[in-house]
*Asks:* 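Pasting in a structure now, in structure tokens, and then I'll have a few things to ask.
Reminder, nothing fancy here: chain letters follow the sequence lines and each chain counts from 1.
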Amino acid sequence: MAIELDPSYAKAYYRRATCYLQTMKYKQAIADFKKLLTLEPQNQLVRQQLDSTQKIMRKVEFEKAIEMEEEKSPVERCFEIIAEGGCEVDKTYAGPQLPKTEDGKFRITPEFVKGMIQWFKDGKSIPRRYVWEIVLGAHSHFVQEESLVNVDIEDGMTIDVIGDVHGQFYDYLHLLSLTGEPNEKHALLMNGDLVDRGSWSIEVIVTALAFKWLYPKRMYINRGNHESKEMNRTYGFEGEAKHKFGEQTYKLFAHVFTEMPLATLVSATKPPAGPTKGAILSPEGRKRYFVVHGGLFSKDGVTLDDIRQIKRIGQQPGQEGLMCKRLLHPSLLWTDPQELPGRGPSKRGVGIAFGPDVTKRWCEANGVTGIIRSHEVRQDGYSIEHDGLCTTVFSAPNYVDQAGNKGAFIRIDAAGTQQYTQFDAQPHPPVKPMAYASGGLASLLM
Amino acid sequence: MFPPRSRVPEGDAAIRATDNDAALARLSAVRKGYLTDPFITPLVPRAHLEPLRPPLINIGTYVRSEALDELVNGWLALSQQEGVKCQIVSLGAGSDTRFWRIATGPNQDTLARYIEIDFPEITTKKAMAIRKSKDLSSLLGKPEDVHLGNGGTALHSPVYSLLAADLRRPPAESLAPLLTAGPEPPLAPHLPTLLIFECVLVYMTPEASGAILQWFTDYFQNNQPSRDGRGVLGSIVYEMFALGDQFGKVMVNNLKARNVTLPGAEPYPTFESLPTRFLQHGWDVARALTLKDIRRDYIDPSELERISQLEMLDEIEELELVLAHYAITWGVKLPPATGELKARWQDWGLMRKRA
């Protein structure tokens, strides 16, 4: 109050500054000290106090910053950095432009996605800010989805189920030319393992997430076991993401991977076409398919509701989660079908393998016509197992440039009829698989 | 957008660089808990900075290491049964730690001689590393009994010797002067002797590798004493083979990018061809197993369980594909007077651990 009466009353400022210091209001104390120095520039005592207060404030802010970073999700952090102006688009960038809305937010358009795909195909890169916007755009939709997503195939609609792509961008583009892009009448469901091994994992995941942002109700993505930190560390995605876009971008991907749904129930809305002898139908008498990356569970009695309710965000399939066969997640990203009945040890050494009887019991208990999964290479791109109740679909042809297999996808219509399409590998620029994996060329034992 | 590039050595340096691969792979397997080896760290420069290898490599390194150890221990056990000490010659040994592991193990008194041979560039570095490391040098013997030789490329001690040679040269030039010349040659022909070739013969022509095996065969054949000769000659070869398929083509291409070729793989396009390595020199016993077979049937199931918990392996198909292209081949050449032998050298091999 003394200052209000006489703004040049130095002593008052000093006393107030002292009060601020004692109540740890450093910013205000500094403001007062600075004001004092304009009134009394020769005052060494004040100058010293200003210096030491600034030091204290810097220390406190720094500690607050590191402490908060630990708790803050990469999504929040990226939003913050964007808001602070820390991720602007480089002025020299000459590629496809992401347009803005009236309030200055970026928005996604089909023209942009088309241009971006061509840009990627030509070996070029988009700005980090665009990658963040695309990932955050997809994130906004993933967080609204449950761990089991329901997709109804309306009359006149089709949905294509796509298996592992593993960073094989040039094969992915060929696949998209066969499936067509998502639109009003046509949806795509990617069943995990978009990244790792192939050396264009970034281009694949960014394209897929761009479609998710653009067509949230026509582009679906299930999480695969390779959408995880431990796999990405070994099989190339971490290296590639950090090399192309830096650490914060990798962290963002790693977190958003945990937001991806774990499975999708694709349901016909029209009665089945053709003979349905023995087919298991939903309670409404429709065909429906449970699409998940790995497979079924280590125990019977798991319901669709159990899966829907899995708390997945932020969950990394760590050692215990995997070893602990009681957990649903992540085993549904890791299990494999086996020919023998019952359950057996997984040939991967962790998790389990499930037999035809397990599949039958589960499908009957849940009114599911069949399960569609991926996770394993199939020479023909797809294979129908467990008396038709379990189909594997794999969409990375000539897997890691070696396996010589075809890729495939499954088209399902409103009546639940399945149609299989196979395709071959396409040429790609001379970058080997696993180019970004640490530990160099993986398959050498000198 | 291209991945980061690294400089690639050329010529012989490229072959020598493969030892670095092996050492780093071993280090990685040790750090991850697959293997125990207190002696590898002093032999790898800046060991703590080296990245770990993928699970596939760690498993392969584990399987190879365990199988080789079992064979070597089997050889030592047979020597004990025979009532004599034995000799081990490790050719292209690189940064191998086997001597030190034997010297600190239960069979240490069975070893009369352990000789390592490699390029001078490699032996010089190893000799220096040994001198610098108390753990390594203390096991060689009393300090006055250990000396460098040949311009720092060789190290001599009572049991362990490190010698420099280019193994592709004719054995009369490269091996004879080192091993069999002089009044007290390091290599005695009347003791059981094991030759170890751990991923080395594949880098030289079949002619060169054949010459080495023939030279040893002749030396032992022609120098057996008329009585009490226990000069049983054994050998272990570990390397890749059957490189004619798609997998092999990719491996060959990957290695070409590193300026490494595999001329020695040519005579071994199939699993069945592997024993000819020794049979062609008139050896009595020759057997082979791939790392895939070894992992499945010749490793203790409890050990397999233990290592499967160490890391998450993505898929088994790739592992088995890689392991199927590496094999351990072993053979025995008995001395002329086999009637005098006590131990069953002809049964030497790996034991099945699974029915």
*Asks:* Looking only at heavy atoms, what is the nearest atom pair of Leu445(A) and Cys199(B), with distance?
*Replies:* O-SG, 4.3 Å

*Asks:* Would you please test Glu317(B) and Glu376(A) for side-chain contact (heavy atoms from CB on, under 4.5 Å) and show each step?
*Replies:* CA-CA 9 Å; Glu317(B) 282 84 2; Glu376(A) 291 182 283; 4.2 Å; yes

*Asks:* At what distance, to the nearest 0.5 angstrom, does OH of Tyr203(B) lie from CE of Met446(A)?
*Replies:* 3.5 Å

*Asks:* Is it the side chain or the backbone of Glu239(B) that comes within 4.5 Å of chain A heavy atoms, both, or neither?
*Replies:*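 No part of it gets close to chain A.
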
*Asks:* Quick check on Glu303(B): does its CD atom have over 12 non-hydrogen neighbours (other residues, nucleotides or ligands) under 6.0 Å away?
*Replies:* yes

*Asks:* Grab the two heavy atoms, one from Gln246(B) and one from Asp401(A), that are nearest each other, plus how far apart they are.
*Replies:*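 Heavy atoms of Gln246(B) and Asp401(A) come nearest at NE2-O, 3.6 Å.
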
*Asks:* Any chance you could lay out the side-chain contact (heavy atoms from CB on, under 4.5 Å) test for Asn254(B) and Lys432(A), step after step, and finish with the verdict?
*Replies:* CA-CA 9 Å; Asn254(B) 287 345; Lys432(A) 297 199 205 322; 3.2 Å; yes

*Asks:* Give, as side chain, backbone, both or neither, the part of Ala25(B) having an atom under 4.5 angstrom from any heavy atom of chain A.
*Replies:*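 For Ala25(B), there is no contact with chain A at all, as no heavy atom is under 4.5 Å.
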
*Asks:* Side chain, backbone, both or neither: which part of Leu291(B) has a heavy atom under 4.5 Å from chain A?
*Replies:* side chain

*Asks:* So for Leu323(B), is it side chain, backbone, both, or neither that comes closer than 4.5 Å to the heavy atoms of chain A?
*Replies:*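 The side chain, not the backbone.
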
*Asks:* Going by the rule ring pair (Phe, Tyr, Trp, His ring centres under 6.0 Å), which residues pair with Phe197(B) if we only count those two or more places apart in sequence or in a different chain?
*Replies:*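 Expected list: none.
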
*Asks:* Is Leu321(B) close to chain A through its backbone or its side chain, or both, or neither, when contacts mean heavy atoms under 4.5 Å?
*Replies:* side chain

